[in-house]
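Here is the naming used below: chain letters follow the sequence lines, and residue numbers restart at 1 for every chain.
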Number of protein chains: 2
Amino acid sequence: MARLSAAEAVFNVLRTEIESGKLGVGAKLSSEATLAQQYGVSRSVVREALRSCTALGLTVTKTGRGTFVVANRVAKDLVLGQYSARDLTEARPHIEVPAAGLAAERRSAEELSMLREIVAAMSGEDDPEVWVGLDSSFHALIARASRNKVFENVVADIRDALAHQSETLNMVADRQHASDEEHRRILAAIEAGDAATARIAMSQHLHAVGIALDSILNA
Amino acid sequence: MARLSAAEAVFNVLRTEIESGKLGVGAKLSSEATLAQQYGVSRSVVREALRSCTALGLTVTKTGRGTFVVANRVAKDLVLGQYSARDLTEARPHIEVPAAGLAAERRSAEELSMLREIVAAMSGEDDPEVWVGLDSSFHALIARASRNKVFENVVADIRDALAHQSETLNMVADRQHASDEEHRRILAAIEAGDAATARIAMSQHLHAVGIALDSILNA
DNA sequence: AGCGTGAACCTGTCAGACAGCCGGACAGCA
DNA sequence: TGCTGTCCGGCTGTCTGACAGGTTCACGCT
C-alpha cells in the first residue's frame, strides 16, 4: 500500500465515517480547527480533506457555519445523467422484483429487524417528506439484502432519482396507506423466506405505484 | 448562481480544462506556485482545487514532481463497488433481457446498422481481446437502443466490470463461435422488431454464457 | 564515458494572521 | 410582552512565510 499523505489519511477517515453512516446526512462536522487538533494536523490539511469530500458531493461547507453531511455515498449525478419518469417505471420491476426474491432467501436477521422498524415507522408517519425517506430506505434495504451489488447499486440510483422528482411527493399523499399495506405484505414474505411470494408482492406494489405515477403524469 | 469561492472557481477552471480535453491525459499541470500566480490566488487555494480534482480521480499529484492528468472524466469506479462474478450472472438476465425486448421495438435505423456491423466484425475476429471489446459494444448498444437510461447505464457498468475480470478472456475462446450464432439470432429479432423473440434469444445467450462462466469458476 | 553531488524546483505541512459571514445573547424600545 | 438593533464569539476563506523532504538535471570530477 502506498504511504498516504496526512491529507489523504484524514480524507479517508472522514469519507469512511460518512459512508458508513456514522455521520448521518444532515450531521454537522466538527470545526476545521477542532478536527485539526483532533487528528494532530494543521488546518490546511483538514481543509484539503474537506474539499475532497465536497468534490465527491458528500459534504457542503457554509461560510461562518461549518461543514455538513449531505450524502452518505458518492452521487452518481457526478457521472450519470438523470432518469426520466418513464425510464424508472419501466426499469424498476425488472430489478426490484428479482431483488425482493433474493432478499427473501438471503436477508440477515439484522436486516429483517431493520425492515420491520422501517415499516412500523411508516405506518405512523404523517409528514410526506419523512415518509418518502423511509420508503426509500425500505426499498434500498431490500436491494442490499439481495446480496447482489448490481441490484443494490441500481436501486440506490433509482431511489435517488425518485427523491429528486417533484411528482414523487404529490403522489405520496394518495398512495400512502395503500403502500403501507403492500410494504407489510412484502415484509411478511421476506420474513417467511418465501421468494416467490416476495416477488409477487413487490411486483404488485410497483405496478400499483406505476399506475399512480402514470395518472399524475397524464393529468 | 451562488457566488463561488476562489478555490471553487479555480477548481472549475481546472476541471473544465481537463474534461474538455484541453489538458490531455498524461499532461503535467503547472506547479502549484505557478498556478497560484497565474490565477492571482495563494497556493492554499490552488492546493484545495487540486485536491478536488484528485478526489474525482482526474489527477494525481506526486511529491516533488507535480500534478498529472490521469483521466478526462470522473471514473465510475469511484461510484460503483466491484461486482462479483455471481453478482453479474445473477443480475444480467433481469436487465439485458427486457432491454433487448425494448430495443426490438425502439431501435433506430442507425443503431440497427451499427449492430449489423458489429456482428459482422465479430464473425471474422480471431483476437480474443478485440472480440471481447466488440461483444461489449454489442450489448451496450442494445441497451442504448432500449431508450431507457437505467438499462443503458447498468449494462455499461456491467460490461465495464466484465472487461476487468480475468475470467472473461479465458471463457471467450470456447464460446466465441457459439456466441456469434446467438448474437445473430438476437440481431435478427431486433431487426424484425420482434420483442418477444429478442427477449428469448437474449435470455438463451446469457444462460449459455452463464453456464460457461460457472464451469470456469468451479474448475 | 561513468559517476557523484549539489543546486533548483516541486510538493507536503505547519503556524499565525486577518477579513467576512453567521447565529445567538442581550439590551433597549414600543 | 414582543420586536428590533447591536455586539460578540465562533467559523470559514484566504494569505504569507517558512521549512522538510522528494525529484531532476547539469556540472564537474574521476
Side-chain angles (χ1 to χ4, degrees), chain A residues 1-18 22-72 75, chain B residues 1-18 22-72 75:
Chain A
M1 188 70 93
R3 261 212 324 285
L4 298 171
S5 66
E8 285 171 310
V10 173
F11 166 55
N12 283 338
V13 170
L14 292 177
R15 181 177 182 175
T16 301
E17 287 192 347
I18 292 171
K22 193 170 165 189
L23 286 171
V25 172
K28 178 181 179 302
L29 277 65
S30 308
S31 75
E32 296 173 355
T34 304
L35 289 172
Q37 194 169 6
Q38 193 170 319
Y39 293 117
V41 296
S42 72
R43 191 156 79 99
S44 330
V45 168
V46 171
R47 279 185 62 80
E48 288 177 20
L50 290 176
R51 276 286 170 210
S52 297
C53 290
T54 300
L56 292 180
L58 297 174
T59 61
V60 293
T61 297
K62 299 186 180 178
T63 307
R65 295 192 54 199
T67 301
F68 302 83
V69 179
V70 294
N72 48 30
Chain B
M1 188 71 96
R3 257 209 328 281
L4 298 170
S5 66
E8 284 171 309
V10 173
F11 166 55
N12 284 336
V13 171
L14 293 176
R15 180 177 183 177
T16 301
E17 287 192 348
I18 292 170
K22 193 170 165 187
L23 286 171
V25 172
K28 178 180 180 301
L29 276 65
S30 309
S31 75
E32 295 173 354
T34 304
L35 288 173
Q37 195 169 4
Q38 194 169 317
Y39 293 116
V41 295
S42 72
R43 190 156 79 98
S44 334
V45 168
V46 171
R47 279 184 63 81
E48 288 177 20
L50 290 176
R51 277 286 173 213
S52 297
C53 289
T54 299
L56 292 180
L58 298 174
T59 61
V60 293
T61 297
K62 298 185 180 177
T63 307
R65 296 194 54 201
T67 302
F68 303 83
V69 179
V70 294
N72 48 32

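- One can place CZ of A:Arg47 at 15 Å from C1' of C:dT13, the figure rounded to the nearest angstrom.
- Here D:dT12 presents its P atom at 11 Å from CZ of A:Arg51, a figure rounded to the nearest Å.
- Atom C1' of nucleotide D:dT23 and atom NZ of B:Lys28 are separated by 11 Å, given to the nearest angstrom.
- With a 6.0 Å radius and a threshold of 12 heavy atoms from other residues, nucleotides or ligands, A:Gln37 has its CD atom at or below the threshold.
- Among all heavy-atom pairs drawn from B:Phe68 and B:Gly26, the shortest one is CD2-O, 4.2 Å.
- Of all the heavy atoms in A:Val69 and A:Leu29, the pair that sits closest is CG2-CD1, 3.5 Å.
- Within residues 33-45 of chain A, the residues that have a heavy atom under 4.0 Å from DNA chain D are, in order of number, A:Arg43.
- Atom P of nucleotide D:dC11 and atom CZ of A:Phe68 are separated by 11 Å, given to the nearest angstrom.
- Side-chain atoms of B:Thr16 come within 3.5 Å of backbone atoms of B:Asn12 as a donor-acceptor pair (strictly under, hydrogens ignored).
- For B:Thr61, the side-chain atoms get nearest to C:dG12 when compared with the rest of C:dG12, D:dT12, C:dT13.
- Rounded to an integer number of Å, the gap from B:Glu32 CD to C:dC9 C1' is 12 Å.
- Going from atom CD of A:Glu48 over to atom OG of A:Ser42 covers 8.0 Å, rounded to the nearest 0.5 Å.
- Of the N and O atoms on the side chains of B:Thr59 and B:Thr67, not one donor lies less than 3.5 Å from an acceptor on the other residue.
- Within the 4.0 Å cut-off from OP1 or OP2 of D:dG22, not a single side-chain nitrogen or oxygen of B:Arg65 is found.
- In terms of position on DNA chain D, the residue among A:Ser30 and B:Gly64 whose nearest nucleotide sits closer to the 5' end is A:Ser30.
- Mapping A:Glu48 and A:Thr63 onto DNA chain C via the closest heavy atom, the residue that lands nearer the 5' end is A:Glu48.
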